[in-house]
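Just so we're clear, the structure is a prediction, and the values are computed from it rather than from any experiment. Just follow the structure's listing: the first ligand is 1, and inside any ligand the first atom is 1. Throughout, numbering of the chain's residues begins at 1 and tracks the sequence.
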Amino acid sequence: MKYSDINLNGKTILITGGAGFIGSNLAFHVQDNYPRARVVVFDAFALGHFKNLRGFNGETIAGDIANPLDLARLNDYKFDYIFHEAAISDTTISDQKLVVQVNANAFSDLLKIAKAHGAKVVYASSAGTYGNSPAPNRVGEGETPENIYGFSKLTMDRIAERFAKENNMTIIGLRYFNVYGPREIYKGKTASMILQLGLQILSGKRPRLFKWGEQKRDFVYIEDVIQANIKALSADKSGVYNVGSGEAREYNEIFGNLTKTLEVNVEVEYIDNPWNFFQTHTEADISTTKAELDYAPRFGLEKGIGAYAPQIVKIYESEIK
Ligand SMILES: NC(=O)c1ccc[n+]([C@@H]2O[C@H](COP(=O)([O-])OP(=O)(O)OC[C@H]3O[C@@H](n4cnc5c(N)ncnc54)[C@H](O)[C@@H]3O)[C@@H](O)[C@H]2O)c1
């Protein structure tokens, strides 16, 4: 399904992190809807996996975004658009220097390449920029990250704002909330709680939730994240936007939805929460994303879990059972 009138046929598009969850879904969206687009994936194959790209007809470069020699390979092309998804996406990594280098400093280097190519950039920011600030989360308010990951993403937003202004470029940041859907399996323990709970439910284990399952999350289905990325390409001014479903739901509800959809009857086991930065309530205020990017999420939690459930069963049967 096409999300915008933009025509990417004949365009050259870079997707960093294209072997990862969101990047590979973007690669297939472009391939399926714009068959004459040239798509180049750049990835270090950290949490990304070649299996996410089986069926992808474009080019793949293995490289580290934080290595200038690897980045230099991108100058063999002339990019019209760049989707920047490459990052240390694991929010529990505590090596501060590494996370800032890979997520924020490498982004500065990529922006210089984008400038030289005259490319429009859409990059992945995160709801982690809000830390534990009260929901609903609005861009420009409560930007107090609780971990180095959130800090690195907020640093990216600051870098983008300045770079766009100084160089008269269009750079759009998308603060994804909790994304779930096909091609996240290779993220392992950092895959969405929807997949992890679904797999635990199917294996008959008692799924574990932090006491008492009342924390709320804005889970957004991958299709809506793709929509936001494609629509962002038409933006004529730079900015940072929330990308969520706009609705926060308790983990208990998510669990109930999964057991109902997967038709398995198991009880939850509540455990103590070891993370002091665990967010209690995230919820995207998506009013400006709707008004300025024409974003219109199509998947609420029930519809998203319904769309994803057959895939969760398939993953369980092929990877776990
Ligand atoms: N999935 C979510 O819920 C979510 C939420 C907020 C923000 N994000 C952001 O969205 C982007 C995509 O996330 P994802 O869920 O697809 O995660 P992912 O880990 O599947 O994708 C990130 C990709 O970047 C690659 N990568 C890591 N380090 C690299 C490096 N040094 N050089 C080149 N490539 C490197 C990985 O191999 C992986 O393929 C990330 O920037 C992440 O921080 C994701």
J.: Can you sort out which atoms of ligand 1 are near Tyr149, meaning under 4.0 Å from one of its heavy atoms?
T.: 6 (C), 7 (C), 8 (N), 9 (C), 42 (C), 43 (O)
J.: Indicate the ring-plane relationship of Tyr180 and Phe219, choosing parallel, tilted or perpendicular according to the 30° and 60° boundaries.
T.: perpendicular
J.: Within the 4.0 Å heavy-atom shell around Ala19, which atoms of ligand 1 are there?
T.: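 Selected atoms, number and element: 39 (O).
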J.: Would you say that Phe83 contacts Ile22 through its side chain, given a criterion of any heavy-atom pair below 4.5 Å between the two side chains?
T.: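 Result no, sub-4.5 Å side-chain heavy-atom pair not found.
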J.: Name the orientation class of the two ring planes belonging to Tyr123 and Phe107 (parallel below 30°, tilted from 30 to 60°, perpendicular beyond 60°).
T.: tilted
J.: Is there a side-chain contact between Ile6 and Tyr81 in this structure, where contact means two heavy atoms from C-beta onward sitting under 4.5 Å apart?
T.: yes
J.: Show the atoms of ligand 1 that are less than 4.0 angstrom away from any heavy atom in Asp64.
T.: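 Going through ligand 1 atom by atom, the ones under 4.0 Å from Asp64 are 30 (C), 31 (N), 32 (N).
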J.: Taking the cut-offs as 6.0 angstrom to the six-membered ring centre and 45 degrees off its axis, would you call Arg175 and Tyr130 a cation-pi pair?
T.: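 Arg175 over Tyr130 ring: yes.
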J.: Considering only non-hydrogen protein atoms, determine which one is nearest to atom 3 (O) of ligand 1 and report residue, atom name and distance to 0.1 Å.
T.: Val179 N, 2.9 Å
J.: Taking atom 16 (O) of ligand 1 as the point of reference, which of Leu47, Ile22, Ile65 owns the nearest heavy atom?
T.: Ile22
J.: If you count the atoms of ligand 1 from 1 in the order shown, which ones are under 4.0 Å from a heavy atom of Gly48?
T.: 36 (C), 37 (O), 38 (C), 39 (O)
J.: Identify which of Ala86, Ala44, Ala87, Ala66 has a heavy atom lying nearest to atom 27 (C) of ligand 1.
T.: Ala87
J.: Are Lys115 and Glu166 ion-paired here, with the side-chain N under 4.0 Å from a carboxylate O?
T.: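 Here Lys115 does not pair with Glu166 in a salt bridge, since their nearest N and O are not under 4.0 Å apart.
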J.: Give me the one residue out of Arg208, Lys211, Lys205 that meets salt bridge (Lys or Arg N to Asp or Glu O under 4.0 Å) with Glu269.
T.: Arg208
J.: Quick one: is the NZ or CZ of Lys2 closer than 6.0 Å to the six-membered ring centre of Tyr34, and within 45° of its axis?
T.: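 Cation-pi check for Lys2 and Tyr34: passes.
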J.: Can you name the atoms of ligand 1, numbered from 1 with element, that are less than 4.0 Å from a heavy atom of Lys153?
T.: 40 (C), 41 (O), 42 (C), 43 (O)
J.: Consider only side-chain heavy atoms of I, L, V, M, F, W and Y, link residues closer than 4.5 Å, and tell whether Phe255 and Ile312 are in one cluster.
T.: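 Yes.
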J.: Roughly how far, to the nearest 0.5 Å, is the CG atom of Asn252 from the CG atom of Asn257?
T.: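 Answer for the CG-CG pair, Asn257 versus Asn252, is 12.0 Å.
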J.: Check this for me - ligand 1, Asp43, N or O atoms closer than 3.5 angstrom, yes or no?
T.: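 Asp43 vs ligand 1: N/O contact under 3.5 Å present.
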J.: Could you tell me the residue and atom name of the protein heavy atom closest to atom 23 (C) of ligand 1, and the distance to it rounded to 0.1 Å?
T.: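 Of the protein heavy atoms, Gly17 CA, 3.6 Å lies nearest.
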J.: Pick whichever of Ala62, Ser126, Gly128, Ser89 has a heavy atom sitting closest to atom 19 (O) of ligand 1.
T.: Ser89
J.: Any Lys/Arg nitrogen of Lys216 or Glu253 sitting under 4.0 Å from an Asp/Glu carboxylate oxygen of the other?
T.: no
J.: Can a non-hydrogen atom of Gly63 be found less than 4.0 Å from any atom of ligand 1?
T.: yes
J.: Which atoms of ligand 1 have any heavy atom of Phe45 under 4.0 Å away?
T.: 37 (O)
J.: Under a 4.0 angstrom heavy-atom cut-off, which atoms of ligand 1 come close to Phe177?
T.: 3 (O), 5 (C), 6 (C)
J.: Just by distance, no angles: are the side chains of Asn52 and Arg183 close enough, under 3.5 Å, to form a donor-acceptor pair?
T.: no
J.: Considering only the protein, which heavy-atom contact is closest to atom 40 (C) of ligand 1, and what is its distance?
T.: Glu85 O, 3.1 Å
J.: Closest non-hydrogen protein atom to atom 14 (P) of ligand 1, residue and atom name please, with distance?
T.: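 It is Lys187 NZ, 3.8 Å.
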J.: Can you tell me which residue and heavy atom of the protein come closest to atom 20 (O) of ligand 1, and the distance to 0.1 Å?
T.: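 Of the protein heavy atoms, Phe21 N, 2.9 Å lies nearest.
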J.: Are Val100 and Asn105 side-chain neighbours, meaning at least one heavy-atom pair lies under 4.5 Å?
T.: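 Val100 vs Asn105: side chains touch.
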J.: When only distance counts, is Val102 in polar contact with ligand 1, meaning an N/O pair under 3.5 Å?
T.: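 Not met; the criterion fails.
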J.: With the threshold set at under 4.0 angstrom, would you say Tyr123 reaches ligand 1 through any of its heavy atoms?
T.: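 No.
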J.: Which atoms from ligand 1 have a heavy atom of Gly20 less than 4.0 Å away?
T.: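 Every atom of ligand 1 under 4.0 Å from some heavy atom of Gly20: 20 (O), 21 (O), 38 (C), 39 (O).
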J.: Examine ligand 1 and decide if any of its atoms is less than 4.0 Å from a heavy atom belonging to Arg183.
T.: no
J.: For atom 7 (C) of ligand 1, which candidate among Ser125, Ser24, Gly18, Ala127 holds the nearest heavy atom?
T.: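 Considering heavy atoms of Ser125, Ser24, Gly18, Ala127, the nearest to atom 7 (C) of ligand 1 sits in Ser125.
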